[in-house]
J.: 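What follows is a single structure, and I will ask about it in a moment.
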Amino acid sequence: MKIRILYILFVLLVSCSKERVIPDVRQCNLELSLTVPYQYTNDIQSFEGVVVYVKNSRKDYVFTAMSNAEGKVVFSNIEPGFYVVNIGSEIVGVNDIFVLNGNKSIELFSSLTVNVDLEVNVIQVEGAGFVIKEFYYSGCLTPAGNNYTDDQFIEIYNNSADTLYADSLLIVEHESYGYEPNYWSYMASDSIVVKMIWAFPQSVGLLPVAPGAGIIIARDAFDHKSDPNGNPLSSVDLANAGFEFWSDKNVDSDIDYRSPNMVAKLWTFKGNDVSFHTRGGSAMAIVKIPGNVDEFVSQNLVVKEGAISANQYFCKIPNKWVIDAVEVTWNDKLYKRFHNSLDAGSVFVEAGSLSGFSIRRKVRRIINGRVVYEDTNNSNYDFEHDVVPTPGIYLQ
Amino acid sequence: MTKKPLLIFAILLLPLFFYSQNINGRLINKFDKQPVAFAVLFVEETGEWTTSNTDGSFEFKNIQIQSFTIIVKHLGFQDMYYNIELGDTDNKYVEIYAEPNSYNVGEVMVISQKGLQMSTSEVIGQSAIEYVQPNTIGDVMQLLPGNIIDNPNLIRKQPVSIRESGTDINSWAGTAVIIDGAPVSNDANMQVFSTIGISTDFNSINKKIAGTAGEGVDMRQISANNIESVEVIKGIPSVEYGNLTSGAVVIKTKTGYTPFEIKLKTDPNIKNIYAGKGHLFNNGSSINVGADYTRSFEDIRSKYKGFDRITAMLSYAHVFFKNTTPLSVNTGVSLYSVLDSKNTDPDEHIANEYIYNKELGLSYNIQSKLLLNKPMITGIRSNASLSLNKQEYFAKEYRSSGVEKISLSFTEGENEGIYLPAESITELKVKGLPVNVFANIIANKHIDINTKIFNNILFGAEYKLSGNYGEGQLFDVANPPYISLTSSRPRSFKEIPPVSYLSLLFEDKYVQTIGQTKLMLQAGVRFNNFQPIGLLKTELGFYTEPRFNAQYIILNSDNLFINNIALRVGLGLTYKSPAAMYLYPNVAYTDLVSLDYYTGYQNTSLAYFTTVTHETKNNALKPAKNLKREAGVDFNIGSMSASVTGFYESLTDGFGMLNEYRFEHFKVYNATGVPQGEKPNVSNLLYTDSVYIIDYSYPVNNKQTEKYGVEYSFDFGRINKLQTRVIMSGAWLRSERVNSTMNYNYLPVKSGGGSFTEVGVYPAGEKKVEERLNTTFRFVTHSTRLRLILTTTMQVIWYDKFCFEYYNESPLYLYSNTSNYMPFTTEMQNDSYYKDYIVKRGSRYYDIEIKPPLFLFNIKLSKEIYDRLKLSFYANNFINYRPVYRSERALTYERRNPEVYFGAELLIKL
């Protein structure tokens with residue numbers, strides 16, 4: 001009898017075991033609520049179909065979801081961490097296409113409801129104005145394994161259906177390299193600050209650009225690929241580039257090739273030649289400054305307070321004069337230079353510096369043999385990256 | 001009548017004839033009571049010397065002063081100082097006990113000691129040198145008060161600086177390094193790519209070559225294994241030492257008997273093996289031989305970048321005519337070979353690259369000392385040496401700078417150049433062959449006025465020549481390794497005249513005993529002829545260096561509590577002649593571009609230049625000058641001995657480089673309109689007359705440093721219960737360095753388009769002030785029973801501060817092509833065009849940066865195992881204290897203190 005009781009007790013003891021609760025890591029909910037500025041609430045009735053990307057910055061995976069009509073989107077049971085929300089979508093309205101852009105960084109430690117303010121850009125179906133079609137900054141290697149960056153270039157393109165005049169366009173580079181917070185972020189909503197302003201030379205006159213045509217501005221307008229003095233590992237032939245950047249800093253350094261030279265209106269860090277940052281530090285834009293550019297530059301210089309190095313002067317340009325901008329970043333950092341209204345996203349060559357790849361706009365559509373490139377002011381979406389440079393080639 | 005002066009003269013000299021003593025004695029080993037043979041004994045005051053016989057006996061004849069010190073120096077033994085006070089007895093017999101260097105006898109000196117010279121100096125004896133476990137003599141400098149301990153490193157060049165808190169080029173070049181009486185010279189070192197384009201910091205060029213041209217002696221080339229003692233003269237040196245500014249490091253190599261020793265030393269990056277022996281013959285002559293090999297890597301994970309060194313020496317010493325006029329001759333040959341190399345990392349993409357820096361040095365040296373004791377001359381000593389260094393820098397590297405255009409011309413005028421491909425493998429060789437010849441002869445006469453006053457007069461002459469007979473810079477002009485605005489052309493060093501000087505020396509040492517006190521004065525003058533032409537004419541100038549040292553020993557008695565106080569004062573002037581790199585710099589070639597027409601085809605492209613040349617030699621170059629003043633006190637209280645010295649040194653006319661700007665006129669041709677497929681012909685082209693501003697660097701005397709400081713050293717004596725001696729030493733040092741004492745020219749870069757057409761002249765006087773106070777506490781525990789010595793060192797840097805003094809950043813005036821001088825007004829400071837001329841500093845640039853106190857703990861242990869083995873070990877920063885310091889001024893972080901480092905050494909005596 002005793003033994004049986006013991007047996008029963010034993011069975012009970014064994015069978016009753018407390019379930020250990022293992023805390024579930026994936027247990028936060030993130031709810032996003034999308035809003036647009038006041039003036040667009042009538043035009044945009046429904047947020048249905050707006051794609052929202054939520055990317056975990058540390059672990060590099062992305063959740064995608066679509067918003068409902070009220071602009072609410074919920075991500076359930078995701079793990080705590082640091083996230084970046086990115087939205088880039090179009091809503092076809094009555095008369096216009098509304099491009100919605102937004103991004104936000106979120107620190108998620110427990111369930112959260114976040115409001116994401118969206119920028120709205122109204123664009124026409126047809127492209128408008130000049131865009132930066134391609135930017136090749138990463139450079140490549142030489143046969144011996146050394147750096148070769150002489151083949152960098154930037155290409156602008158007439159995305160509209162009319163002939164436009166490029167003579168007053170200015171190519172500028174933002175002052176911030178993007179590996180630390182933008183010193184000028186306090187004014188980013190209405191101005192950009194640049195360290196380099198290049199203008200087309202007076203000698204070319206009005207410089208008309210036909211629809212579907214573009215202008216290549218090369219660092220060295222030289223056939224890098226095939227010239228015996230060049231680099232056989234480079235993929236570009238820029239001998240017929242429209243213009244080139246040329247420095248007169250040291251008399252015998254930069255070779256002045258046949259192409260006409262751009263004129264430097266501001267070049268804070270004047271060197272032997274223009275050199276773009278190969279890892280993605282050069283954020284480029286096209287601007288148009290009305291009136292006398294030299295006068296404007298001299299009256300709009302700003303100073304960055306450095307710690308011990310000498311102060312340098314940079315130029316401040318209002319956002320309203322920016323025609324196109326591309327936020328080129330480093331692959332693992334995002335310290336934005338341009339306000340979301342100019343470029344809500346970012347793009348970079350994932351293969352890294354010296355890979356020989358460039359970034360290029362995606363073709364939106366081809367109308368009558370003429371290419372119209374994507375221009376939603378969100379380079380996350382608009383640009384292809386890690387492509388072999390194709391200067392001067394528009395129809396893929 | 002004529003006899004009267006003779007009589008007076010004889011009367012004055014009478015005391016000399018009456019008072020004359022012979023001192024006999026025996027030198028005995030304290031430990032085993034055996035006689036010590038062939039040791040050198042000398043009288044400090046008179047310079048008389050003798051050696052002990054095989055039975056240990058020695059004799060000094062005709063000593064005419066009453067109180068003096070006998071100094072015994074012998075390899076393998078501690079230095080002995082024996083004071084003698086003579087009464088009126090005719091002869092005196094002394095027995096001196098010498099202590100051998102082994103750990104089971106008495107106390108072995110493993111720290112630096114105050115030197116005996118009148119000038120402030122520190123002596124580091126053999127035991128102390130070995131205890132540090134040094135790889136080079138430079139490592140031994142950490143024992144000096146005020147110097148900071150650092151980890152051994154053979155990858156960077158090793159400077160030596162006296163009374164400095166960092167490395168200053170002029171201070172390094174101004175430290176004379178003397179081995180066995182002959183100076184090691186770096187004056188003829190020309191291993192640079194070019195002296196042009198160096199601007200004000202010539203290290204940027206030297207970094208490519210890893211050379212020390214224009215700098216001081218690289219201490220890595222001197223192994224510490226063969227060294228018997230090092231004396232570092234920090235104060236005003238005797239006139240025997242010249243061509244220096246900061247001081248001298250006097251090295252004496254081993255002579256005498258040593259057992260056959262093998263030493264193996266290792267630490268994380270450096271391995272070293274040494275073997276040496278000193279053999280003593282029956283007649284007292286000795287032969288010493290030693291050789292060592294050192295291998296070091298920058299990072300043991302990547303064994304392709306390293307430093308190798310081999311040194312070897314052979315010397316012979318003998319005393320001839322010992323009983324009549326002893327003549328001591330010491331002669332030797334030494335050799336060193338250094339290889340600094342960097343192969344291509346096999347894991348890198350860039351294959352085929354190879355860089356090395358090789359140096360092979362061979363020197364022959366003969367030192368002799370003769371004791372005559374004649375009426376006109378007491379003794380003569382002389383040194384002569386000849387050394388050759390074969391230096392070779394070789395770099396096979398890719399030049400991958402994109403397509404370039406260069407001129408090949410060696411003369412001025414218009415010429416056609418070539419276009420270079422984007423990448424090509426190049427070779428650069430810089431082959432130098434500096435040859436140094438040195439000889440000096442110094443005679444001394446000892447004169448005693450009476451038993452309490454005596455004089456030692458010294459007079460002599462010295463000559464040194466340093467020339468470079470190497471092939472120089474060798475590279476293919478059509479495939480140069482680097483391209484710069486002022487490209488250099490290859491230059492042979494054989495065309496460079498040698499650097500030489502001829503000096504005459506006079507010095508008198510006067511010693512007077514006044515009751516219990518003693519007054520010693522040493523005054524001398526050194527007349528220098530730098531770059532002599534014959535004997536009486538000079539190219540660089542005649543320079544006179546007066547030197548004065550005085551010491552007054554107020555008290556010197558063993559009876560009182562305070563048993564020794566001595567006051568010291570010194571004042572002196574020294575000069576250092578410029579090195580060959582400054583006296584004979586490269587010619588500056590500038591190739592201005594007259595036409596840059598690149599078509600992609602060689603037969604139609606044209607790179608056309610206008611070459612201009614400029615001599616950069618500065619005929620107004622002077623030697624650097626240093627005025628040293630110092631005062632100090634030494635005292636003993638009970639068992640504590642202390643020494644405090646304050647000094648103030650002003651170095652003026654230090655060597656540096658400045659930029660010279662020139663407005664060059666040349667033609668710029670216009671090739672528009674030349675049809676395709678045709679090469680342009682300049683005689684048919686239109687041109688415009690253009691002006692371009694070029695610059696090149698030239699040597700000047702524009703550096704200045706004012707140094708103030710107090711050095712202190714307290715030896716608290718030995719705590720017998722702990723068998724530990726406590727020593728506290730350190731220094732407070734403040735230096736004010738002026739970057740340029742001359743106004744300098746500078747053309748700023750215009751941030752807008754185009755360039756400026758006026759050159760700015762900026763004021764001199766930009767100054768950096770540094771200050772540091774540090775103390776090193778050493779606890780030396782010596783157990784004779786265990787035969788070990790353990791040293792625990794705590795180094796405290798109480799504060800370390802520097803700042804730049806406020807400096808007016810605007811130019812004084814601007815000058816243009818037409819030689820108009822335009823003063824820079826206050827309106828121009830705000831003008832948008834002229835604003836770029838102001839060298840603007842950030843808001844924090846003038847902030848004072850003070851680093852907080854820092855502690856460093858090191859430990860050293862050395863143990864003798866029986867009589868034949870000694871094992872040593874050291875660990876630096878063994879608690880791994882490396883605090884992070886945030887500089888508010890520069891917004892950077894820095895880790896202070898050297899990394900944890902350790903090493904071990906095994907010494908085997910056979």
Side-chain angles (χ1 to χ4, degrees), chain A residues 141-151 195 197-199 219-220 222-224 226-232 234 239 248-258 263-273 294-295 297-299 301 303-315, chain B residues 348-353 398-407 417 419-425 483-485 487 590-593 596-600 602 607 609 692 694 749-755 804 809 832-833 835-836 838-845 847 887-892:
Chain A
L141 292 172
T142 61
N146 282 322
N147 300 357
Y148 190 83
T149 52
D150 290 3
D151 52 355
K195 61 186 168 191
I197 302 177
W198 290 89
R219 175 169 154 176
D220 281 331
F222 161 71
D223 186 353
H224 297 271
S226 319
D227 192 308
N229 283 340
N231 176 14
S234 168
D248 66 349
K249 184 187 184 213
N250 284 312
V251 176
D252 63 348
S253 66
D254 196 9
I255 301 217
D256 190 1
Y257 296 101
R258 304 289 91 227
V263 175
K265 296 293 181 189
L266 173 76
W267 195 3
T268 310
F269 300 110
K270 192 165 180 182
N272 287 353
D273 199 355
D294 292 310
E295 242 179 65
V297 169
S298 64
Q299 286 162 8
L301 291 175
V303 161
K304 184 178 184 183
E305 292 289 321
I308 46 174
S309 50
N311 287 345
Q312 305 285 352
Y313 298 103
F314 308 103
C315 182
Chain B
E348 261 185 28
H349 299 299
I350 308 172
N352 307 333
E353 285 192 339
Y398 281 98
R399 184 200 65 247
S400 310
S401 47
V403 181
E404 300 273 6
K405 52 192 186 293
I406 55 162
S407 161
Y419 284 100
L420 295 174
E423 178 168 86
S424 120
I425 187 113
I483 303 200
S484 63
L485 169 63
S487 298
T590 309
D591 306 308
L592 298 158
V593 179
D596 181 4
Y597 191 78
Y598 185 82
T599 59
Q602 208 183 343
F609 296 92
Y692 191 79
I694 64 157
V749 171
K750 188 154 171 289
S751 52
S755 339
F804 288 95
E809 299 146 345
S832 58
Y833 178 79
K835 182 165 53 195
D836 278 332
I838 302 177
V839 178
K840 209 134 171 37
R841 304 283 186 199
S843 53
R844 293 200 185 83
Y845 187 78
D847 286 358
S887 161
E888 288 305 325
R889 184 182 164 271
L891 301 176
T892 56

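Below, read A as the first sequence line, B as the second, and so on, with proteins coming before strands; counting in each chain starts at 1.
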J.: Please round to the nearest 0.5 Å and tell me the distance separating atom OH of B:Tyr598 and atom CZ of A:Arg258.
T.: 11.5 Å
J.: Examine whether an atom of A:Asn147 lies under 4.5 Å from a heavy atom of chain B, and if so say whether it belongs to the side chain, the backbone or both; otherwise answer neither.
T.: backbone
J.: Measure distances from B:Ser401 to the heavy atoms of chain A and classify the residue's part below 4.5 Å as side chain, backbone, both or neither.
T.: backbone
J.: Among A:Asp220, A:Asp223, A:Asn229, A:Asn231, who wins on heavy-atom pairs under 4.5 Å with chain B?
T.: A:Asn229
J.: Is there a donor-acceptor pair under 3.5 Å between the side chain of A:Asn146 and the backbone N or O of B:Ser400?
T.: no
J.: Could you tell me whether A:Gln299 atom CD has more than 12 heavy atoms of other residues or ligands within 6.0 Å of it?
T.: yes
J.: Minimum heavy-atom separation for A:Ala144 to B:Glu423, with atom names?
T.: N-OE1, 3.0 Å
J.: Which residues pass the ring-ring contact (aromatic ring centres under 6.0 Å, His included) test with A:Tyr148, not counting sequence neighbours?
T.: A:His224
J.: Measuring from A:Tyr313:OH to B:Asp836:CG, what's the distance to the nearest 0.5 Å?
T.: 7.0 Å
J.: Could you tell me the separation between the CD atom of B:Glu404 and the CD1 atom of A:Ile255, rounded to the nearest 0.5 Å?
T.: 6.5 Å
J.: Could you check which of A:Asp227, A:Asp273, A:Asp150 has the highest count of heavy-atom pairs closer than 4.5 Å to chain B?
T.: A:Asp227
J.: Given side-chain contact (heavy atoms from CB on, under 4.5 Å), test A:Tyr257 with B:Val403 step by step and report yes or no.
T.: CA-CA 11 Å; A:Tyr257 296 101; B:Val403 181; 3.5 Å; yes
J.: At a heavy-atom separation under 4.5 Å, does A:Phe314 approach chain B through its side chain, its backbone, both, or neither?
T.: neither
J.: Which bit of B:Phe804 comes within less than 4.5 Å of chain A, counting heavy atoms only: side chain, backbone, both or neither?
T.: neither
J.: Looking at every heavy atom in both B:Ala422 and A:Gly230, which two are closest together, and how far apart are they?
T.: CB-O, 3.9 Å
J.: Measure A:Ile197 against the heavy atoms of chain B and call it side chain, backbone, both or neither at under 4.5 Å.
T.: neither
J.: Looking only at non-hydrogen atoms, find the nearest pair between B:Lys405 and A:Asp254 and report the distance.
T.: NZ-O, 3.4 Å
J.: A:Lys270 and B:Ser755: which non-hydrogen atoms are nearest, and at how many Å?
T.: NZ-OG, 4.1 Å
